Amino acid sequence: MYGSWGKGPVMTLTMQKFTTLSSVAAPIMRVNIDTDAIIPSREMKGVTKDGLSVGMFANWRYTDVDARVENPDFILNKAPFRDAEILLSGENFGCGSSREHAVWALKEWGIRCVIAPSFGTIFFGNCVRNGILPVALPETVVKAFAESAEAGAQTAIFVIDLPSQMVTGPTGDSHDFDIAPADKEMLVEGLDPIGLTLKRDDEILAFRKTDEVKRPWVYL
Amino acid sequence: MGRTLVQKLWDAHTVADLGDDATLLYMDRVFLHERTGSVSLKGLESAGRKVRNPEQVFCTMDHIVDTLPGRGDDTIMPSGKDFITTTRAAANAAGITLFDIGDDRQGIVHVVSAEQGITLPGLTQVCPDSHTCTLGALGALAWGIGSTEGEHALATKTLAVNKPKSMRISFDGELGFGVTAKDMILHLIGAYTAAGGVGHAIEFAGSAIRSLPQENRFTVCNMAVEFAAFTGLIPPDDTTIEYVHGRPYAPTGKTWDAAVDYWRTLQADDDATYDKDISIDCADIVPTVTWGNSPGHTVQIDGAVPDPSNAPDANTQTSWARALEYMDLKPGMPIEGVPIDAAFIGSCTNSRIADLREVVKVVKGRRVAEGVKAIVVPGSSQVKLAAEAEGIDKALVEAGFEWRESGCSMCFYAGGESFGDQERVISSTNRNFENRQGPRTRTHLASPTSVAASALAGKIADVRKLG
Ligand code: SF4
């Protein structure tokens with residue numbers, strides 16, 4: 001799975017559609033994993049969205065970051081989690097800076113879904129816009145998932161069904177999750193948000209016309 | 001039912017109701033910087049789309065550009081030059097206003113936007129940068145977005161946004177001697193945790209907020225995002241209007257009068273209710289520093305580093321223990337007196353002229369302790385010029401501080417300059433995350449005057465004791 005997003009240009013106008021997903025899940029059960037941890041600043045070397053997965057979790061993933069010496073204890077360096085398309089984590093995942101690079105790195109690596117008790121607000125929105133499904137579930141559920149993910153290793157397959165908003169763990173326990181209908185639609189249809197909005201161009205232009213009279217100081 | 005300030009701004013910018021609490025909001029201003037803005041502009045370009053209304057879009061060079069004297073496009077950060085030249089080319093191609101290196105309007109995006117009168121009360125403004133909430137201090141609805149949302153705002157003049165919950169935080173009473181706006185916000189985050197504001201737009205209220213000068217209000221709103229809030233606002237009042245008046249992009253003449261009339265309506269209604277209400281008595285606030293790796297890991301300057309075994313829950317216990325290890329501190333040790341290697345004054349939190357004036361009062365006639373690297377980075381080229389006109393630079397240099405060109409500098413580590421491995425820094429910035437200011441660098445957040453006092457002492461110090 002590694003690199004499967006990285007080969008072509010990531011910046012396509014339509015996202016990969018998200019309907020169902022079956023994968024092992026990698027638990028990184030710390031709380032407050034911030035975007036600096038997901039992609040450290042110095043790993044954001046280029047002006048584009050690709051090539052970032054090599055720097056993902058760099059401070060944890062490598063024992064020598066510069067030489068890229070892998071830390072064998074870090075979960076994503078271990079089989080079968082190297083191929084995980086699902087991450088499990090603690091509360092407030094993706095807090096901190098607005099850097100979308102965190103999401104691009106996860107996406108390029110092959111992560112398509114993150115399950116945590118809660119998420120950083122900006123990170124959450126960035127996920128949806130990039131075709132990654134953020135699933136918020138109660139902490140007890142995520143913890144139980146993490147245990148079964150590690151215990152079962154390669155046989156511990158999680159199934160995510162977005163249309164019916166359901167996650168099923170390897171032991172067969174299913175949990176509903178909430179998602180805003182607009183976010184769901186965007187993920188399921190693989191829509192490009194800009195194209196979607198420009199369908200409302202008449203409304204935008206009409207707003208502007210009235211607003212220019214009401215608030216002339218806004219229009220430089 | 002009465003409306004909150006956020007609700008009023010929301011209503012005034014609603015282009016379309018998208019259902020389920022999502023709204024298509026009109027974006028009055030977009031600000032970009034060379035680190036993430038370049039990605040938005042490039043993304044737009046490669047999708048064959050154009051910036052709509054480029055005259056309302058601005059860009060600055062702050063994040064990657066060096067802050068050493070004589071700087072140019074070359075940077076200490078490998079490949080930094082790429083960001084700078086790409087941004088310049090993309091900004092020019094898009095026809096947006098760029099505050100480039102060498103332009104005396106250049107500076108940290110959130111400092112410059114207010115200083116130039118680009119942000120006005122009541123506007124919506126976004127920037128692919130999380131501390132855009134700083135500008136909420138002008139009564140604007142301003143928040144940080146990702147680069148892809150940046151593309152959306154540039155191409156469509158709108159963003160689809162889920163409505164945040166509402167929260168009012170009232171600070172009442174008077175600030176004690178040596179206690180600053182920075183201490184107010186650190187105190188809040190310490191008391192209610194770094195996740196305390198999640199999903200909420202905050203309206204700061206109360207007598208202590210109303211009596212804060214405008215420049216200190218930015219410090220409070222700057223850290224709303226460290227409280228995990230969507231953003232934080234302060235309703236515009238005379239202080240705000242006076243601050244905006246005469247700025248380069250502010251309206252003039254009749255348009256100014258009309259704007260002021262409108263701005264005066266930007267208050268929550270008396271009967272507005274909030275999803276959450278917090279009150280803080282300023283008498284409880286003392287100079288505050290952080291000991292750990294979350295802005296919520298705070299301790300009063302006369303307090304002690306906490307013991308994980310006293311943590312309220314298991315998660316907190318783990319996070320405290322981990323932070324203690326990273327920060328190389330022991331439970332129970334007094335925070336005052338912990339030796340430091342460096343002191344940093346700068347960033348969009350605390351680098352304005354008002355901050356520097358307070359710092360000079362502390363350091364004048366004194367010397368930075370032997371072996372301490374002490375750096376001051378003005379928030380904008382305008383701040384730098386103003387400080388130099390007042391002789392602030394001289395006083396700082398005489399005291400042993402380095403005086404820099406404006407920019408984000410060592411607020412964060414991008415691969416160029418940093419504080420050293422395991423060095424301990426007291427910093428007027430907003431983030432004390434692991435590796436934020438350099439690989440394994442240990443950051444303690446504090447007010448600029450606390451940073452200055454600590455630089456003089458060579459250890460974390462109580463600014464009040466300097467008198
Ligand atoms: S000064 Fe620091 S926090 Fe502020 S915009 Fe620059 S890097 Fe971000």
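Protein chains get the first letters and strands the later ones, always in sequence-line order, with residue 1 at the start of each. All figures in this text were calculated on a predicted structure; none of them were measured in a lab.
Looking at N315(B), the atoms closer than 4.5 Å to chain A (heavy atoms on both sides) sit in the backbone and in the side chain alike. In this structure, chain A has no heavy atom under 4.5 Å from any part of S418(B). Residue P216(A) touches chain B through both its backbone and its side chain, counting heavy-atom pairs closer than 4.5 Å. Heavy-atom distances place both the backbone and the side chain of V218(A) under 4.5 Å from chain B. For T158(B), the part lying under 4.5 angstrom from a heavy atom of chain A is the side chain only. In this structure, chain A has no heavy atom under 4.5 Å from any part of N293(B). Only the side chain of T86(B) comes within contact range of chain A, judged by heavy atoms closer than 4.5 Å. Only the backbone of I145(B) comes within contact range of chain A, with heavy atoms under 4.5 Å apart. For E43(A), no part lies near chain B; criterion is any non-hydrogen pair under 4.5 Å. Residue H131(B): no heavy atom, backbone or side chain, is found under 4.5 Å from chain A. If you measure heavy-atom distances from N32(A) to chain B, you find no contacts under 4.5 Å at all. At a 4.5 Å heavy-atom cutoff, the contact between A258(B) and chain A is made by backbone and side-chain atoms alike. If you measure heavy-atom distances from I122(A) to chain B, the contacts under 4.5 Å come from the side chain alone.
Annotation for D178(A): atom CG does not count as buried by contact number, only 12 or fewer foreign heavy atoms lying within 6.0 Å. Residue-environment remark: NZ (K78(A)) exceeds the threshold of 12 foreign heavy atoms within 6.0 Å.
Of all non-hydrogen atoms in F119(A) and V198(B), the two that sit nearest each other are O-CG2, 4.3 Å. Considering every non-hydrogen atom in both M166(A) and F177(A), the closest pair reads N-CE2, 3.3 Å. Contact record, A228(B) with A194(B): CB-O, 3.3 Å, taken as the closest heavy-atom pair. Here the closest heavy-atom approach between residue P295(B) and residue N432(B) is recorded as N-OD1, 3.2 Å.
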Any chance you could lay out the salt bridge (Lys or Arg N to Asp or Glu O under 4.0 Å) test for E70(A) and R61(A), step after step, and finish with the verdict? CA-CA 6 Å; E70(A) 282 190 2; R61(A) 199 167 131 202; 5.3 Å; no
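No other option in S38(B), A22(B), S79(B), A259(B) has as many heavy-atom pairs under 4.5 Å with chain A as A259(B). When each of T35(A), V65(A), D34(A) is checked for heavy-atom pairs under 4.5 Å with chain B, D34(A) comes out on top. In terms of non-hydrogen atom pairs under 4.5 Å with chain A, the most contact-rich of R322(B), E34(B), K157(B), R52(B) is R322(B). Among G146(B), G144(B), A12(B), the residue with the largest count of heavy-atom pairs under 4.5 Å with chain A is G146(B). Most heavy-atom pairs under 4.5 Å with chain A: of the set Y413(B), F433(B), Y26(B), this distinction falls to Y26(B). Note: R215(A) leads E139(A), K214(A), R215(A), E203(A) in heavy-atom pairs under 4.5 Å with chain B. Ranked by heavy-atom pairs under 4.5 Å with chain A, the list T36(B), D21(B), D129(B) is led by D129(B). With respect to chain A, the highest number of heavy-atom pairs below 4.5 Å among A195(B), A16(B), A250(B), P439(B) belongs to A16(B). Per-residue heavy-atom pair counts under 4.5 Å with chain B were compared for T197(A), T121(A), D183(A), and the maximum is reached by T197(A). Options R200(A), R129(A), E91(A) differ in how many heavy-atom pairs under 4.5 Å they form with chain B, and the most are formed by R129(A). Chain B forms the most heavy-atom pairs under 4.5 Å with one residue out of R30(A), R99(A), M44(A), M29(A), and that residue is R30(A). In terms of non-hydrogen atom pairs under 4.5 Å with chain B, the most contact-rich of P181(A), A180(A), G125(A) is P181(A).
Side-chain rings of F412(B) and H63(B) approach one another, their centers coming within less than 6.0 Å. You'll find the ring centres of Y62(A) and F57(A) outside the 6.0 Å limit.
Under 3.5 Å, the side chains of S147(B) and E100(A) contain no donor-acceptor pair of N or O atoms. Using modelled atom types and a 3.5 Å distance limit, the side chains of W104(A) and D50(A) yield no donor-acceptor pair.
Side-chain N or O atoms of S148(A) include one that pairs as donor or acceptor with a backbone N or O of A144(A) at under 3.5 Å.
Taking the six-membered ring where tryptophan is involved, the planes of F93(A) and F123(A) are perpendicular, since the angle between them exceeds 60° and thus also 30°. Taking the six-membered ring where tryptophan is involved, the planes of Y262(B) and W217(A) are tilted, since the angle between them lies from 30° to 60°.
Tested against Q125(B), the residues D28(B), T119(B), T132(B) include a single side chain to side chain donor-acceptor pair (under 3.5 Å) partner, T119(B).
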